[in-house]
Amino acid sequence: MRNQRSVKQEFLRKWITGLRRYSCDEKKNMSFLERKKAIKLSADIAMASTRDKTTRWSQALIANASSSGDTLTGSSKNNSSRSRKKMLMMRRRRPKVKSAKKEMSASCIAKRLVQKRTRKLKNLLPGGESIDEGCLVEETLDYIESLRAQIEVMRYLVTASQLIINPYP
Amino acid sequence: MLHCLNSNASGSEMTVLERQRATIKWQHNNNHHQGYSSSSSPSPSSSSSISLVQVQSSSPTCLAAGAWPKLDNNFLMGFTSSPSSGFPLPPPPPPTTSAASFDLNSAISRTSSCPLPSLAEGKETTTPNNKRKTDKFHNTKVVASDNDNKDKRVKVAAPNDSATVGKKGTQACGDNSNKDNSKVSEVQNQKPDYIHVRARRGQATDSHSLAERVRREKISERMKFLQDLVPGCNKITGKAGMLDEIINYVQSLQRQVEFLSMKLAAVNPRLDFNMDDLFTREVFPACAASFPAIEMSPNMANTASYLHFNSSQQIDAGINPQDISLRRTISAPVSAPETFLDSSCFTQTLPSSTWEGDFQNLYSVAFDQARAASFPSQLFTGLLEPSNLKMEMDM
């Protein structure tokens, strides 16, 4: 539990510094959607960097964010993320689908169901397309935990900001 | 915090032998203190426990049991990176932890060592763990070397009086390693590259199928962890159903993030988030994390009896997550005295730190559904005391 708390604190700190940088750079008023995108992106990157790039999803998140040319990410992240992305691409091995005949055995159907779902899960995870299934579950575990922490911190921030604006309802 | 991380980084470059020596020293100290219970007991069913274990084992400078609570906030973040960088896995935690939690610990430690080779390259020294190939024996090698280290450590510890500790350690780790396969034999010291798997009766002895079976069982083991994590997964037994639940859960979490970011964007017309207030808020949970027990005693001493009476009523209502209005009434006095005390000295702001810690604690109680029975009640008395003071001053 204590580790959770320190993770959340670090995430919050990084997120707020990222947002500060963003707001300092952008002098003009941003639209609602732009703001929302900035908030979400900075939150995601803060979460990913809190994991210290130890997991694939965090690396992929940072790589995607930096490749989209966002001003939030520093240049130091670009080099490592690009090399990591290349490595991820090289590792991608698409197994060839050999379904010539239609097999009606129960085990095959079950296998196909599971395969469909693992593919869906891989699409959900950032950078999940090129993970082998052994690490997939692990990555999912990690991702779920960090998402949870992120959501808690965000909720806290929302109510805190609401209280600032409206202290005595 | 930075220097701690740096020291961690330098400490993480210790060789395996140094780390083993450190673990032996740690075990000796543990024996002397006779305080397995005094050692920090990691929370059983969370992966944060693995980082606690590693902190205990691989920081030889902080061997005293009393130093551990301070370690948490500083060292844990640095050490969350260490599991997956391919270090030899730490010794098993003290035997007082239940077998299930220990299984979780080292199992997760094992599972978390599935990194890219690039991560391991720059950090490892010449150890058997360096022979890291990305084939299907990847994880098994880690397991093998893990067992290897444990064997070595047992042999060193045996001549000393900590033989019981060593035996228990091997037994526990043996149980854990046997969790995958009921007949996985212990790895020999001469061949750390292979794991010896004995085929069960009536099963194929092909090497491919054996490896396949090991892999499958590892996957199913991790699915069990996911079952604990994802709510509502306990009743479902099939792989496809569980994957369905997991997918739904991840999707819902991602949607929540989107929604909350939208809400934040709506609440703040600019992106500055009112730095002073938020900075104080973010600092205080850090204080509250380490100080709550200490602060509560003077507060408890000061509380009048009517406060206790009020607080007991408030606790039950406060823990209810749906009761937003009550949360507002609790938090509303929080913000006002906080601004009132903001410019005052640090000792006076400490009470507000407990509020913020309690505020966050409320959330963790509400959302994690983890309730320490007595602890929030004590925090609540601390919360209500200044609020009542404030009301008295108004009157």
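Residue numbering restarts at 1 for every chain, and letters A, B, ... go by the order of the sequence lines.
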Which atoms of B/F259 come close to chain A, meaning under 4.5 Å heavy atom to heavy atom: side chain ones, backbone ones, both, or neither? neither

Quick one: does any side-chain atom of A/R117 pair with a main-chain N or O of B/A240 as donor and acceptor, under 3.5 Å?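 Checking the backbone N and O of B/A240 against the side chain of A/R117, a donor-acceptor pair under 3.5 Å is found.
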
Calculate, to the nearest 0.5 Å, the distance between atoms [atom1] and [atom2] belonging to [X] and [Y] respectively.
{"X": "A/L124", "Y": "B/Q251", "atom1": "CG", "atom2": "CD", "answer": "5.0 Å"}
{"X": "B/L253", "Y": "A/I151", "atom1": "CG", "atom2": "CD1", "answer": "4.5 Å"}
{"X": "A/L136", "Y": "B/M223", "atom1": "CG", "atom2": "CE", "answer": "9.0 Å"}
{"X": "A/T118", "Y": "B/I247", "atom1": "OG1", "atom2": "CD1", "answer": "8.0 Å"}

May I ask you to test the [X]-[Y] pair for a side-chain heavy-atom distance under 4.5 Å?
{"X": "B/K263", "Y": "A/Q162", "result": "yes"}
{"X": "A/R155", "Y": "B/Q256", "result": "yes"}
{"X": "B/L226", "Y": "A/I144", "result": "yes"}

Greatest number of non-hydrogen atom pairs under 4.5 angstrom with chain A, of B/G238, B/A266, B/S261, B/G241, falls to B/S261

Looking at B/K239, B/R216, B/E258, B/M242, which one has more heavy-atom pairs under 4.5 Å with chain A than the rest? B/E258

Which one of A/V158, A/V114, A/T140 has the most heavy-atom pairs closer than 4.5 Å to chain B?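 Looking at each option in turn, the highest pair count goes to A/V158.
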
Around A/K120, counting heavy atoms of other residues, nucleotides and ligands shown, do more than 12 lie under 6.0 Å from its NZ?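 Atom NZ in A/K120 is not crowded, with 12 or fewer foreign heavy atoms closer than 6.0 Å.
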
Can you name the closest pair of heavy atoms from [X] and [Y] and give their distance?
{"X": "A/L147", "Y": "B/V250", "result": "CD1-O, 4.3 Å"}
{"X": "A/M154", "Y": "B/V257", "result": "CE-O, 3.7 Å"}
{"X": "B/R222", "Y": "A/V137", "result": "CB-CG1, 3.5 Å"}

